[in-house]
Amino acid sequence: MNAVTPTGNGRLRAERVTLAHGGGGKAMRDLIEDVFTSVFEPDGLEDQARLSHEMLAVEGARLAFTTDSFVVQPLEFPGGDIGKIAVCGTVNDLTVGGAQPLWLSAAFIIEEGTEVALLRRVAAAMRRAADEAGVRIVTGDTKVVERGAADTLFVTTSGVGVIPAGRELAAEKVRAGDVALVNGVLGDHGAAILAARGDMAFEADIRSDCRPLNHLMEAVIEAAPGVRCARDATRGGLASALNEISQASAIGIEIDEARLPMRAEVKGVCELLGLDPLYLANEGALVLFVPEEQAEAALAAMRSTEAGRDAAIIGRAAEMRSPRVVMHSLFGGSRIVDMLVGEQLPRIC
Amino acid sequence: MKYVDEFRDPVRAGVLLKEIEALTAQIMAGRDRPVVIMEVCGGHTHSIFRYGIEKMLPPEIEFAHGPGCPVCVLPMGRVDDCVELAMKPEVIFTTFGDAMRVPGSRLSLLGAKAEGADVRMVYSPLDALALARANPDREVVFFGLGFETTMPSTALTILQAQAEGIGNSSLFCNHITIIPTIKAILDSPDMGIDGFLGPGHVSMVIGTDPYDFIARDYHRPLVVAGFEPLDVLHSVWMVLRQMAEGRAEIENQYDRIVPRHGNEASLAAVTEVFELREFFEWRGLGSIDHSGVQIREAYAAWDAERKFAVASPSIPDPKACQCGEVLKGAIKPWQCKLFGRSCTPETPMGALMVSSEGACAAYYQYGGIDAVPEPAQ
């Protein structure tokens, strides 16, 4: 892991990106090399990454490949920025499928007029996140579009990883009695973004949970090799992740409200705005199912990692006539936790 | 969490439930039909489902989910007005978030936004006023919606706009008032309601005096209730206690928030800016006399209806919709032919499926496993 994040080569003098930086000439080369490639791969990069890896040579190993686009606003927020999310999001997509993430691509759509300093901060955050996850950003692309054609900066990352031979995580494998765990507090990212948008008259000391989860996942799989499946609880929150698993495995899921790890600040924001924290986005939270006899080992393994300090057992899979996600409330009642229809909208009163 | 967890204490709930069971047994000794309690306010509907309160109560206690969800009872013609206003190139149309998805006859505001209208979600009418200050060459229209709860803040925003001389802001007023609507429900022939949970936030503004006629003329108990689950249970217990003792009175469970005579400053602002409309159309209930307010002549400069000659076409709900019967407590949401089939939160046909405070949407989202039919093949 690099202690110091590499900086650019200093050739780009402009303070703001203009259409010239997308024109294919020297200006574009300076933008790409100074702001991005010299930070990601100081030893030089070509348009196409050619890679070899000993893991791929193992009989039964499989390649995992994923892609995701990031359009978050604001671009920078407490606990992260669009670059950090773009790396962690794709690393975590690979992770929850059981893959060990190795390489990423990064493509940037930049609106004319964007500050170069912002791009430098984003690139540095990407490199730091990549170092933390132990992956390399090996290829990429930039496009500059006219003012108004994009909202400052959009980032797309694709990721390649390797699933070791014999490892098979799938939602269909969840069985009644399996135990559900989360690695940490829920809703921090969604609440931090709401607060950072500043269009609501409240301030809250909440930071995004954005972080790579691959080291945590490897620790869990080592301690509890029977892990059935994992899902990152990003858009749509824990509720959507659990519903996806319930539908895929045609099995019911019961969770206990009392066991859900959640900060008082996040609960408070939700109370004020009439939002349900189960649907708030996370960028560093996953839910996974393990056979009951391995639950304690999985929990201990999670808690031994930085990203899993607040891990908790939150519920279990159960036979139900009509498979759904049901939450037993603190108050003693129970209710169905369904998928959201659209975006969660604050209530009037 | 302080000031929240105390009102969600399962031990206290257990004590209340025991007493509710005893009272129910006492009441049921002399009757052969269930006790129907209407929660007027959508906020209560939401709490009842979110905490699974209905399933905790004895089966003889039923809730009828009242008309107090302002998003749900908004008629389609008014949504069409909003879309028309929002589509005007000079207009920035501002609205509370949960009104974005309400279907008009052609589009919702979310749909209008996708077609190019400048629709922005705000959290307070004062945000709309700030937009007007920042965009002096645009007309910023605020979609005023809700009962007496939200009326004072829109009234004060108009007074503020007047004080600052901001001429490019206006209000599209769709505020409605709860008392005539409760009266209309009490007067309907298929009314089967034994008691009411009164709206908490509305009462914070209007106080409890305006409900007196319900006890006096209709002999039904009403308890103004808070929104936490213990508040709801406590209020149900208070209604049942009145029934068991043969009383019909207006009681205030939410007295930590609701003063008997309401909030004088709020009422003064509301009276200054608004006057009663002759009638207002409610989705599912039809036209109800004096159930809406409009902006007084003196503030015409901030009235979007006057500024833009809004058409307000009357568009009937789809024929098969039974929202009205559900609102009056005559049928349960799942007894409607459309429920869960052609009417779902994704594609709402009727008003009550629109907002998370609507009874049908609440049943669909949070209801018992058996309440939602399997989707048609």
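Just so you know, these numbers use all the heavy atoms, side chains as well, and skip hydrogens, waters and symmetry mates. By convention in this document, chain letters (A, B, ...) are assigned in the order of the sequence lines, proteins followed by strands, and residues within each chain are numbered from 1. Values in this document were obtained by computation on a predicted structure and should not be read as measured data.
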*With a 4.5 angstrom heavy-atom cut-off, which part of B:Leu230 approaches chain A: side chain, backbone, both or neither?*
both
*Separation of A:Met327 CE from B:Arg50 CZ (nearest 0.5 Å)*: 7.0 Å
*State, to 0.1 Å, how close B:Asp9 and A:Phe331 come at their nearest heavy-atom pair, and which atoms those are.*
O-CE1, 4.1 Å
*Check: A:Gly333 main-chain N/O paired with B:Lys55 side-chain donor or acceptor under 3.5 Å*: no
Is the count of non-hydrogen atoms from other residues, nucleotides or ligands lying under 6.0 Å from [X] atom [atom1] greater than 12?
X	atom1	result
B:Glu346	CD	yes
A:Arg263	CZ	no
A:Glu271	CD	yes
A:Arg207	CZ	no

*Measuring heavy-atom distances to chain B, does A:Met339 have an atom under 4.5 Å in its side chain, in its backbone, in both, or in neither?*
backbone
*List for me each residue that meets ring pair (Phe, Tyr, Trp, His ring centres under 6.0 Å) alongside A:His189, sequence neighbours excluded, and say none if there are none.*
A:Phe77
